[in-house]
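Just the heavy atoms: all of them, side chains too, but no hydrogens, waters or symmetry mates, feed the values below.
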There are 2 protein chains.
Amino acid sequence: MPSFYHEYERFYVSVDCVIFGFSGGNLKLLIQKRPYEPGLGEDSLIGGFIGKDESVNAAASRVLTYFTGLEDVYMQQLGVFGEVERDPGERVISVVFYALIDVRAYNENLSEKRNARWIDIDNLPRLCLDHNEMVEKAREALKSRINNEPIGSNLLPELFTLSQLQSLHESILGYPIDKRNFRRSVLSHGLIERTEKMDKESSRRGAALFKFAKETRKRGND
Amino acid sequence: MPSFYHEYERFYVSVDCVIFGFSGGNLKLLIQKRPYEPGLGEDSLIGGFIGKDESVNAAASRVLTYFTGLEDVYMQQLGVFGEVERDPGERVISVVFYALIDVRAYNENLSEKRNARWIDIDNLPRLCLDHNEMVEKAREALKSRINNEPIGSNLLPELFTLSQLQSLHESILGYPIDKRNFRRSVLSHGLIERTEKMDKESSRRGAALFKFAKETRKRGND
DNA sequence: TCAAAAGTGTTAATAGTACACCCATGA
DNA sequence: TCATGGGTGTACTATTAACACTTTTGA
């Protein structure tokens, strides 16, 4: 096979994943200790390099599964970070994804093994390189999606209360929502359905558990 | 300078630009004859390879200027196309942008020199590689932006009639819009201003010429 | 005089927003 | 009995959608 483009430069290409979770009423981010120099040990997004025979999306999925133990996760491309000096070690072009996972399904065992941990999105440490900027951009993307797509289904367990769903929306949007309006709105769209089950854990009275209607759990990274 | 990532693969990274224009009441796309093997001479998006000391965005701007003669053009990242086999020659990861330009400002001389031409967006030929898919995705991005951002300012000349603006919106959205509702809506947002000038070319009666209010002409690719 | 595009208002439906109290329960 | 979170309705406002005729003028 001849080399058609041999006069051009080749680049390291990485994937970085902004992995969102939701627990304890707060939006969380999964971060790791950076395993390479430069910046070894600094807080970092979950990432990795693209392999020779692997598509960009496949690399993102591989990295995500490696760090969470989960497959078929909701994942979207966010964009490319391609400044020349963004990595002081070598020139690396990074393709950024964001993913939404149910933290209850996350494999806790991996946390220690991978040197990863969940942190509160509103209390982010300084991350290495341009990773804070990536998180910021991912939050914006989430904000503009939450009202139009049922992405909450990927962050919540199968069954959830309306209060949990509201709290998730509030965490993403960053402002409080009126309870009655929220309930009416979310129910009128027909995306969620009430089940017979009740949650007795988070309140004395108990709250009805809801589930997302079929087909609203969108998966994959295409 | 040590090589931190030397164990990883490096890739050719290209930029491809979906360049939209608007003339004769139709949305247009600028294409070229592909200048490389494989697929030499096939219809192709405007593209090029990223240089060693050039950011990804800078590469896109360079390519755009080279093919249009224009600088400071409205440009947005669309995403990365990273399938392993997307280019049968070599593995190339492509970062795709879309740009909006005023075809009247386009340097016609470059058309022949660069082997480029404008074609009607609704009458696209088969493009090389996965370029048709890129155009499709760019059109979707345009559609979802046209109602929220004054991107029309980048496709129209400085002064334009409301009919032209409406026709642009219709071309992008793909369906007819009610004239009265459109006018009321677009005027109420205060993004455009009526000028004293009249257009006498496209109608007997003449139509008022409008311009976008300052600060609405967003430029650059960040 | 007529063809062709410019210009102009009203009404109905829908979606969104603001707002406050009672209920059921376990401790 | 009381503290806690669950659950409910109504009135107002803003936005969107549907719809048809008159005006101007050059050919």
Side-chain angles (χ1 to χ4, degrees), chain A residues 22-26 143-150 152 156-157 159-212, chain B residues 22-26 143-150 152 156-157 159-212:
Chain A
F22 182 68
S23 79
N26 290 303
K143 263 191 212 176
S144 68
R145 283 214 145 163
I146 187 69
N147 282 324
N148 307 313
E149 294 181 54
L156 292 170
L159 297 177
F160 52 88
T161 68
L162 287 183
S163 294
Q164 287 176 295
L165 183 60
Q166 179 175 346
S167 155
L168 169 62
H169 279 241
E170 289 173 333
S171 304
I172 289 175
L173 293 169
Y175 55 81
I177 307 173
D178 179 84
K179 188 165 40 159
R180 283 165 294 186
N181 291 341
F182 178 75
R183 285 169 182 240
R184 182 179 35 253
S185 152
V186 82
L187 288 171
S188 75
H189 287 120
L191 292 172
I192 64 170
E193 291 166 3
R194 185 172 183 150
T195 69
E196 295 304 306
K197 307 216 180 79
M198 296 286 279
D199 168 70
K200 306 291 287 181
E201 283 174 31
S202 55
S203 74
R204 316 224 153 133
R205 178 177 174 174
L209 285 165
F210 288 75
K211 63 177 181 183
F212 278 87
Chain B
F22 182 69
S23 80
N26 289 305
K143 262 189 211 175
S144 67
R145 283 217 144 160
I146 187 69
N147 282 324
N148 307 313
E149 294 181 54
L156 292 170
L159 297 177
F160 52 88
T161 67
L162 287 183
S163 294
Q164 287 175 295
L165 183 60
Q166 179 175 348
S167 155
L168 169 61
H169 279 241
E170 289 174 332
S171 303
I172 288 175
L173 292 170
Y175 54 80
I177 306 173
D178 178 84
K179 186 165 41 158
R180 284 165 292 185
N181 291 341
F182 178 76
R183 286 170 180 238
R184 182 178 33 252
S185 152
V186 83
L187 289 171
S188 73
H189 287 118
L191 292 171
I192 66 171
E193 291 166 4
R194 186 172 182 148
T195 69
E196 296 302 306
K197 308 216 178 80
M198 296 286 282
D199 169 71
K200 306 290 288 181
E201 283 173 30
S202 54
S203 73
R204 315 216 159 160
R205 178 178 174 174
L209 285 165
F210 288 76
K211 63 178 180 185
F212 278 87

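In this structure, S171(B) contributes its side chain and S167(B) its backbone to a donor-acceptor pair below 3.5 Å.
From D178(A), atom CG reaches atom CZ of R184(A) across 8.0 Å, with rounding to the nearest 0.5 Å. Once rounded to the nearest 0.5 Å, the distance linking CD1 of I146(B) with NE2 of H169(B) reads 4.0 Å. For the atom pair E193(B) CD and L187(B) CG, the distance stands at 11.0 Å (nearest 0.5 Å).
Between R183(B) and the phosphate of dG7(C), there is a side-chain N or O to OP1/OP2 separation shorter than 4.0 Å.
Annotation: side chain of E149(B) is not in contact with side chain of S144(B) (no heavy-atom distance under 4.5 Å). Proximity of L162(B) to K179(B): side-chain heavy atoms (C-beta onward) are nowhere separated by under 4.5 Å. When side chains are defined from C-beta on, F182(B) counts as touching L165(B), because their heavy atoms get closer than 4.5 Å. Taking 4.5 Å as the limit, every side-chain heavy atom of D199(A) sits out of range of all side-chain heavy atoms of L159(A). Counting heavy atoms from C-beta on, the side chains of Q166(B) and P176(B) never come closer than 4.5 Å.
Across the protein-nucleic acid pair, K179(A) atom NZ and dC21(C) atom C1' stand 10 Å apart, rounded to whole Å. D178(B) places its CG atom 18 Å from the P atom of dT15(D), with the value rounded to the nearest Å. Per the geometry, CG belonging to L187(A) stands 12 Å off C1' belonging to dT8(D), to the nearest Å.
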Enumerate the protein-to-nucleotides 14-17 of chain C contacts in which both atoms are nitrogen or oxygen and the separation is below 3.5 Å.
residue, atom, partner, partner atom, Å
dT17(C), O4, R184(A), NH2, 3.3

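Near DNA chain D, meaning a heavy atom under 4.0 Å from it, residues 196-206 of chain B has R204(B), R205(B) in order of number. Residues from residues 161-176 of chain B lying near DNA chain C, meaning a heavy-atom separation below 4.0 Å, are S163(B) in numerical order.
In this structure, F160(A) and F212(A) have tilted ring planes: the angle between them lies in the 30° to 60° band.
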